[in-house]
Amino acid sequence: NKDLIQLMPKNLLNLFYEIFFNYLMSDHEIGIIIKPKKEHFFYELPIVKDRLNKIIDSKRCHITSKPFQTMPSTYSPISDIVVSTGTFLSSALMECVSKKNKCVFFDYPNLNQVEKELYAWGKNKVIFTSLELMLKSIVQFKKNPKDKDFGNWDSISYQVDPFFDNDGSLRVSNYIEILYQYFNKGYTSNQCIVYANKFFIDKFGTDKVINYKRNYGKKKNNSSTNIY
């Protein structure tokens, strides 16, 4: 855990990979794609140093060469199950959830007091605090791939990405363009945001924008500005 950059304990991360390496070598019908978050940390793990050559020689393990520049969704379409772990639910996992992939998360910090809603419906289905139970469930899913509950995030996938169209970059660029237009007309930054949000709401709906109140500077009448 050098410089506190990698928050997951090294011994636990080592165990995480060891369990899947063992599974890979015991079941010759499966293959594994590994996209490590921190490439140099991955190659420093004892289990990786010890078994990497054997794992690669199996011809059933692919390790992304440039994980930082590679989107998880690049591989999720060809994967039966996506497995993730970390201190919190990762954006990489949520990206795959938004693509409606089967996904499971090893929650080693045990966030059940933080993610109460998720645990209420997803405990031991999409989120696990036991590596052994998670692997057992994955093995069982391989035997019964028609299991609709395992790895299924459909009940909240709309909250992750309500559009499902891969056009997020276009919406962001349109939003910025509107801000730019109103800035050039001499409007204040807050007014520009309000106009851009109104355009966004009119086009995509009120459920796509968060509305909260915020006070700006000195107010003579104790008023507040709605920012969306």
Side-chain angles (χ1 to χ4, degrees), residues 7-8 32-38 62 64 66-109 111-129 134 137-138 141 145-180 192-214 226-228:
L7 298 177
M8 187 170 183
I32 294 178
I33 299 172
I34 300 175
K35 181 186 177 297
K37 184 176 180 63
K38 300 289 185 180
H62 173 77
T64 55
K66 295 180 179 180
F68 181 71
Q69 299 177 346
T70 305
M71 297 178 67
S73 56
T74 302
Y75 299 103
S76 61
I78 60 173
S79 303
D80 295 298
I81 186 76
V82 176
V83 182
S84 176
T85 187
T87 310
F88 303 103
L89 292 173
S90 67
S91 58
L93 178 72
M94 292 297 101
E95 179 184 328
C96 295
V97 167
S98 72
K99 303 297 182 183
K100 292 187 174 294
N101 297 117
K102 291 276 189 178
C103 301
V104 294
F105 181 76
F106 170 50
D107 175 26
Y108 87 89
L111 300 172
N112 62 330
Q113 293 302 310
V114 178
E115 299 291 349
K116 293 181 180 180
E117 182 179 347
L118 175 58
Y119 265 90
W121 65 265
K123 183 179 180 180
N124 296 332
K125 295 177 182 178
V126 301
I127 189 166
F128 296 80
T129 56
M134 185 175 73
S137 299
I138 291 173
F141 175 69
K146 293 184 180 181
D147 185 344
K148 295 181 179 180
D149 293 329
F150 178 72
N152 188 337
W153 297 69
D154 284 354
S155 62
I156 68 162
S157 60
Y158 180 83
Q159 299 175 33
V160 178
D161 182 0
F163 296 100
F164 295 110
D165 59 7
N166 293 318
D167 286 339
S169 59
L170 294 178
R171 283 185 288 275
V172 172
S173 62
N174 288 339
Y175 188 90
I176 294 174
E177 181 182 3
I178 295 170
L179 289 175
Y180 181 74
C192 293
I193 292 173
V194 170
Y195 281 114
N197 287 339
K198 184 179 184 306
F199 170 84
F200 205 88
I201 289 172
D202 290 344
K203 188 170 183 179
F204 301 111
T206 56
D207 62 320
K208 308 301 189 299
V209 178
I210 298 174
N211 180 7
Y212 66 96
K213 289 186 176 182
R214 178 178 177 183
N226 282 329
I227 298 298
Y228 296 84

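If you read the sequence from its start, that first residue is 1, and numbering goes on from there.
Side-chain contact between F200 and I178: absent, with no pair of heavy atoms (C-beta onward) separated by less than 4.5 Å. D147 is listed as a side-chain neighbour of D149, based on a closest heavy-atom distance under 4.5 Å. A 4.5 Å side-chain heavy-atom check between I193 and Y175 finds at least one atom pair inside the cut-off. By the 4.5 Å heavy-atom criterion applied to side chains, K35 and T74 are not counted as neighbours. Using a 4.5 Å heavy-atom cutoff, the side chains of P145 and D80 are not in contact.
In this structure, NZ in K37 is found 12.5 Å from CE in M8, a value given to the nearest 0.5 Å. Here K203 contributes atom NZ and K208 contributes atom NZ; the two are 13.0 Å apart, rounded to the nearest 0.5 Å. Note that the OG atom of S137 and the CD1 atom of I81 stand 9.5 Å from one another [nearest 0.5 Å]. Note that CD1 of I176 is 13.0 Å distant from SG of C192, once rounded to the nearest 0.5 Å.
F163 and F204 have perpendicular rings, their planes meeting at more than 60° on a 0 to 90° scale where under 30° would count as parallel.
Between V104 and W153 the shortest heavy-atom distance is N-NE1, 4.5 Å. The minimum heavy-atom distance between F105 and S90, with the atom names listed, is CE1-N, 4.5 Å. Shortest non-hydrogen contact noted between P109 and T87 is CG-O, 3.4 Å. The two residues E95 and P72 come nearest to each other via the heavy atoms OE1-CD, 3.2 Å.
For D207, there are no salt bridge (charged side-chain N to carboxylate O under 4.0 Å, His left out) partners two or more places apart in sequence or in a different chain. With sequence neighbours excluded, no residue forms a side-chain hydrogen bond (donor to acceptor under 3.5 Å, both in side chains) with K102. Scanning for side chain to side chain contact (heavy atoms under 4.5 Å, CB included) contacts around V160 gives M94, V97, S98, with sequence neighbours left out. Residues passing the side chain to side chain contact (heavy atoms under 4.5 Å, CB included) test with S76 are S73, V82, C96, N101, sequence neighbours excluded. Under the salt bridge (charged side-chain N to carboxylate O under 4.0 Å, His left out) criterion, K100 pairs with D154, sequence neighbours left out.
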- In sequence, state the C-alpha distance, the side-chain angles, and the governing distance for T85 and M134, and then conclude on side-chain contact (heavy atoms from CB on, under 4.5 Å). CA-CA 11 Å; T85 187; M134 185 175 73; over 6 Å; no
Under 3.5 Å, sequence neighbours excluded: what are the donor-acceptor pairs made by side chains of residues 117-127?
residue: Y119; atom: OH; partner: D107; partner atom: OD2; Å: 2.4
residue: W121; atom: NE1; partner: E117; partner atom: O; Å: 3.4

